[in-house]
Structure formats: C-alpha cells, structure tokens
Amino acid sequence: MKTLKDAKVGETVTVAKLHGEGPVKRRIMDMGITKGVEIFVRKVAPLGDPMELNVRGYELSLRKADAESIEVL
C-alpha cells in the first residue's frame with residue numbers, strides 16, 4: 001500500500017482511499033482530498049514536514065502524519 005507520504009516531489013498521484021476516523025478524515029475531505037482526485041507533490045520542507053501539494057487547482061500544505069492516512073495509486 002502506497003500512501004501520499006511516500007510520493008516523491010514532482011510526482012502526480014491519484015487518491016485510492018482515505019483511512020482515518022471522524023474529524024481527521026472529515027477535515028481531509030473538506031480540503032478537497034477525496035477518492036479519485038489527482039494530487040501533485042510540489043515540494044517537501046527541508047526536514048520533511050509539511051508537504052506542499054496542488055489539489056483541484058489550489059496549493060495545500062499537509063503534515064506527513066495526515067498524508068499517511070491517504071492511500072494513493
């Protein structure tokens with residue numbers, strides 16, 4: 001299983017499934033990260049956290065802990 005945390009800079013991945021419970025999953029979905037959405041990894045901070053992503057035409061910063069709950073293809 002590959003998660004968003006494993007995606008490399010410059011890679012475009014597609015969301016396969018969201019893991020997690022309640023408010024965390026809800027917050028990720030509210031950010032526009034839902035099944036079938038393409039995510040482009042723009043850059044990762046020098047210490048690895050957070051990741052800067054392009055989702056649905058806007059920029060988004062996401063912590064690695066949250067990225068682990070997003071399964072991608």
### Message
I need the Leu53 CG to Glu38 CD distance, nearest 0.5 Å.
### Response
13.5 Å
### Summary
Shortest non-hydrogen pair, Val55 vs Gly32, comes out as CG1-O, 3.8 Å
#### Entry: Contacts of type side chain to side chain contact (heavy atoms under 4.5 Å, CB included), residue Arg42, not counting sequence neighbours
Phe40, Glu52, Asn54, Glu59
### Side chains of Asp49 and Val44 in contact at under 4.5 Å (non-hydrogen atoms)
no
### Query
By side-chain hydrogen bond (donor to acceptor under 3.5 Å, both in side chains), which residues pair with Ser69, not counting sequence neighbours?
none
### side-chain hydrogen bond (donor to acceptor under 3.5 Å, both in side chains) partners for Asp6, two or more places apart
Thr3
### Message
Rounded to the nearest 0.5 Å, what separates atom NZ in Lys5 from atom CD1 in Ile70?
### Response
12.5 Å
Side chains of residues 11-25: which donor-acceptor partners sit under 3.5 Å, not counting sequence neighbours?
| from | atom 1 | to | atom 2 | distance (Å) |
| --- | --- | --- | --- | --- |
| Glu11 | OE1 | Lys8 | N | 2.7 |
| Glu11 | OE2 | Lys2 | NZ | 2.6 |
| His19 | NE2 | Glu71 | OE1 | 2.8 |

### Task
Could you tell me whether Arg63 and Asp66 make a salt bridge, using a distance below 4.0 angstrom between a side-chain N and a carboxylate O?
yes
